[in-house]
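Taking it in order: structure first as C-alpha cells, then the write-up.
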There are 2 protein chains.
Amino acid sequence: MRRDVFAAIADPTRRQVLDLLSRRERAAGELGRAFPHISQPGMSRHLRVLREAGLVRVRQDRRHRFYSLRSERLGEVDAWISKYRGFWETELDSLEAYLDARKRPGAGPGA
Amino acid sequence: MRRDVFAAIADPTRRQVLDLLSRRERAAGELGRAFPHISQPGMSRHLRVLREAGLVRVRQDRRHRFYSLRSERLGEVDAWISKYRGFWETELDSLEAYLDARKRPGAGPGA
DNA sequence: ACAATATATACCAAGTGTGTTATGTAATCG
DNA sequence: CGATTACATAACACACTTGGTATATATTGT
C-alpha cells in the first residue's frame, strides 16, 4: 500500500518514533516500551503506517525486527516546506499583508 | 480551537491552498473557484482548519474575506524536519543501517 | 426594507484512523 | 515437539474527518 508521507507524519507518536530512529535503529518491542500508553498491537500498526509510507525499513535479526530510518521520502516534505522558508524568518508574509491592506484604503492599519 | 499544524497540512487540498496564498492573499470565493471539485462549504471548512491551526489570517474587505498566509507556525514543521535534513542528501541513514547490519554477523549484506 | 452577494455553519452520511482485546505466525529454546 | 518470545494481523468500537445539501449571517446595492 502506498501511503502519503504527510499523513504519516501527522501523528505525534509516529513523529516521536522517527525521532528515536534518527539516532539509531531499534527493535519493534523497544519502540513499544518507549510509549507505555500504547499497546503492542497499537505500536505495530504505527510502524506499519511508517513502513507503507516508505519512512522506515525493517531488518530481521533472530527473533527481533529492527526498524531504521529511511529518510529519502522526508525530502518531499522538506521540498514543500522549503518554498516557505524565509517567510517566517523575514516576516515577509506580514509585510506583504500590510502592503496588500494599504492598497485598499480604510481596510488595513491606517497610517 | 487549537489545531495541530502537521494535521492541517496533511490534506493535499489545504497544502495547495497555502501554495496559492504564498503568492498573494485571496478571497475565500477565489480559492473555492480554484478547486471546482469542492463545494463552497467544503472549501470554507478547509479554510477553517487552516485558521484554527494559525496558518492563515483573514481580513474583511467589503463583502469579501481575504485570506493570507501566516507562516510562523510552519516554522514548527521546518524545525522538526530540519533534524533530518542532510540524512537523505548524504545517505547517512543508509550508511548507518549498513554499519549496524555489519555489527551482527550474518544478518546484513555479507561482504 | 428587500434582494443579491459572499461566506460560514448545521446537519447528516460515508469513510478513515486509532485504540482495544484476541488470535495468528515465525523464530528460538529446552 | 512443545513452550516461549517477538511481532503482526483480525475483529471490533469509537471518535474524527470530509464531503454534500440546506440554511444562517453579514454586507452591500437599489
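Per chain, numbering begins at 1; letters A, B, ... match sequence-line order.
- Put simply, B:S39 has a side-chain N or O that comes within less than 4.0 Å of OP1 or OP2 on D:dG20.
- Here the side chains of B:Y67 and B:L20 are not in contact, with every heavy-atom distance at 4.5 Å or above.
- Following rounding to the nearest Å, A:Q40 (CD) and C:dG19 (P) show an atom-to-atom distance of 14 Å.
- Between D:dA6 and A:Y67, no contact under 4.0 Å exists linking OP1 or OP2 to a side-chain N or O.
- A distance-only check finds a donor-acceptor pair linking the side chain of B:S22 to the backbone of B:D19 [under 3.5 Å].
- Within 4.0 Å of A:A7, counting heavy atoms only, lies no atom of the nucleic acid at all.
- Projected onto DNA chain C by closest heavy-atom contact, A:P41 and B:G29 fall at different nucleotides, the more 5' of which corresponds to B:G29.
- Side-chain N/O atoms of B:H46 include one lying less than 4.0 angstrom from OP1 or OP2 on D:dG19.
- Residue A:V49 is the one, among A:V49 and A:R62, whose nearest nucleotide of DNA chain C lies closer to the 5' end (criterion: closest heavy atom).
- Rounded to whole angstrom, the span from the CE atom of A:M43 across to the P atom of C:dT20 amounts to 10 Å.
- Counting only distance, with no hydrogens or angles, the side chain of A:R70 and the backbone of A:R57 share no donor-acceptor pair below 3.5 Å.
- Among the protein residues, B:R45 comes within range of the nucleic acid bases, having at least one heavy atom under 4.0 Å from a base atom.
- Taking side-chain N and O atoms only, B:H64 has a distance below 4.0 Å to OP1 or OP2 of C:dT7.
- Between A:Q60 atom CD and D:dC7 atom P the separation is 9 Å, expressed in whole Å.
- Note on B:R63: every side-chain N or O is 4.0 Å or more away from OP1 and OP2 of C:dT7.
- Residues A:V56 and A:V17 have side chains not in contact (no heavy-atom distance under 4.5 Å, counting atoms from C-beta outward).
- Among the protein residues, A:R14 comes within range of the sugar-phosphate backbone only, with heavy atoms under 4.0 Å from sugar or phosphate atoms but none that close to a base.
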